[in-house]
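Worksheet for the structure shown next.
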Protein chains: 2
Amino acid sequence: MAKPKQEDVVRFADMLGAMGTEPRLRIMRLLLSAHPEGMVVGEIGSELAISPSTLSHHLEKLKGEGLVRVRREKTFLWYTANADALQELPGFLYAECCTRNKAIEPQRIVCRQ
Amino acid sequence: MAKPKQEDVVRFADMLGAMGTEPRLRIMRLLLSAHPEGMVVGEIGSELAISPSTLSHHLEKLKGEGLVRVRREKTFLWYTANADALQELPGFLYAECCTRNKAIEPQRIVCRQ
DNA sequence: TTTATATTTCTACTATCATCGAAATAGTTA
DNA sequence: TAACTATTTCGATGATAGTAGAAATATAAA
């Protein structure tokens, strides 16, 4: 397998890990449902019943991995899902798919690129 | 947003979390590169330089989340990526995408279904 | 049966993470 | 400036996860 850059694997693993927790996956899906406007922190918190400090911690994590973006409007912070980042994920996962054994017939089940 | 079943969110979060660590993401990509035959445990371990017990622990986790499958052949255990499970992920993530604000123009950037 | 190899299970340790109350910060309005 | 609201930061705690050596299990071969 062609060696992926060390940083890339870590970066994508961190992205997946950031979504790999129930509350944060809920946040991402909620933000996607409200795409592309996004939502205000308070509304996310009341909808998902997450305390302010805990929610802020989760949003910070998602932001750190580039999965969400923030903009300020008056006193409110609007968070939106970062569509571009999400699009990268499957491509990275399947990048080297089925290349190892030189299969004559590409395996259509998984390999899309 | 239509409420996803509690178990589904947990299940998909666990799947993402299982891939959300550098060694396990490496394992998944390696197994995908060797798809659909898969690889023997020992070969995975030597290629990725992971100790047997640690590797076994990671494979157990991936298996538990349904991301890989195992078959025995003589003394060897062959692990393969579970393509079907991987396919489910994007669909679940985007399931309710952009439905919240009744946008007249569907947002093509993210919403594919 | 004995030996050898592949892989897992056990056990323990350290580090990281999720959670949340309280205090602090930032921006807005009066 | 003072008061108010939205949100973050701080600090602490309990729980979970990654790692790996040693022992155990499983299958095959001699």
task = Consider the side chain of B/Phe76, meaning its heavy atoms from C-beta on, and name the nucleotide among D/dT7, C/dA18, C/dA6 that approaches it most closely.
result = C/dA6

ask   = Got a donor-acceptor contact below 3.5 angstrom from the A/Asp14 side chain to the A/Glu65 backbone?
value = no

request  = Indicate whether OP1 or OP2 belonging to D/dA17 is found under 4.0 Å from a side-chain N or O atom of B/Arg24.
outcome  = no

inquiry  = Just the rounded figure in Å: distance from P of D/dG21 to CD1 of B/Ile50.
reply    = 14 Å

message = Using OP1 and OP2 only, check whether a side-chain N or O of A/Thr75 sits under 4.0 Å from D/dA6.
response = no

query = To the nearest Å, how far apart are A/Arg26 CZ and C/dA18 P?
reply = 16 Å

Spacing of A/Met39 atom CE relative to D/dT7 atom P, expressed in whole Å = 11 Å

task = Side chain of A/Glu60 only, please: which of C/dT9, D/dT8, D/dT9 is the nearest?
result = D/dT9

message = Taking the minimum atom-to-atom distance to the side chain of B/Ser56, which one of C/dT9, D/dT19, D/dT9 wins?
response = C/dT9

Shortest side-chain distance from A/Val41, nucleotide among C/dT19, D/dT7, D/dT9 = D/dT7

note = Winner on side-chain proximity to A/Arg72, out of D/dG18, C/dG27, D/dT19, is C/dG27

Test: A/Glu22 and B/Arg11 ion pair at under 4.0 Å = no

Between CG on residue B/Leu31 and CZ on residue B/Arg69, distance to nearest 0.5 Å = 13.0 Å

ask   = Taking only N and O in the side chain of B/Tyr79, is any of them less than 4.0 Å away from OP1 or OP2 of C/dT8?
value = yes

task = Rounded off to whole Å, could you give me the CG-to-C1' distance for the B/Leu59 and D/dG18 pair?
result = 14 Å

ask   = So which one's nearest nucleotide on DNA chain C is more toward 5', B/Leu55 or A/Ser51?
value = B/Leu55

request  = Scan A/His57 against the nucleic acid and name what it touches under 4.0 Å (heavy atoms): base, sugar-phosphate only, or nothing.
outcome  = base

ask   = Does D/dT19 have OP1 or OP2 sitting under 4.0 Å from an N or O in the side chain of B/Thr54?
value = no

task = Rounded off to whole Å, could you give me the NE2-to-P distance for the B/His58 and D/dT16 pair?
result = 19 Å

inquiry  = Rounded to whole Å, how long is the line connecting atom NZ of A/Lys61 with atom P of D/dT8?
reply    = 16 Å

query = With respect to the side chain of A/Leu77, which nucleotide from D/dT19, D/dT8, C/dC17 is positioned closest?
reply = D/dT8

inquiry  = Between B/Ser53 and D/dA20, is there a contact of a side-chain N or O with OP1 or OP2 at under 4.0 Å?
reply    = no

query = Roughly how many Å is it from CG in B/Asp14 to P in D/dA17, rounded to a whole number?
reply = 9 Å

message = Using modelled atom types and a 3.5 Å cut-off, is there a donor and acceptor pairing between side-chain atoms of A/Asn82 and backbone atoms of A/Gly66?
response = yes

query = Which distance, rounded to the nearest 0.5 Å, do you find between the CG of B/Leu30 and the CZ of A/Arg100?
reply = 5.5 Å

inquiry  = Please check: side-chain N/O of A/Arg29 versus main-chain N/O of A/Arg24, any donor-acceptor pairing under 3.5 Å?
reply    = no

d(CZ, A/Arg71; P, C/dA26) in whole Å = 21 Å

inquiry  = I want to check one thing: is the phosphate of C/dA6, taken as OP1 and OP2, less than 4.0 Å away from some side-chain N or O of B/Lys74?
reply    = no

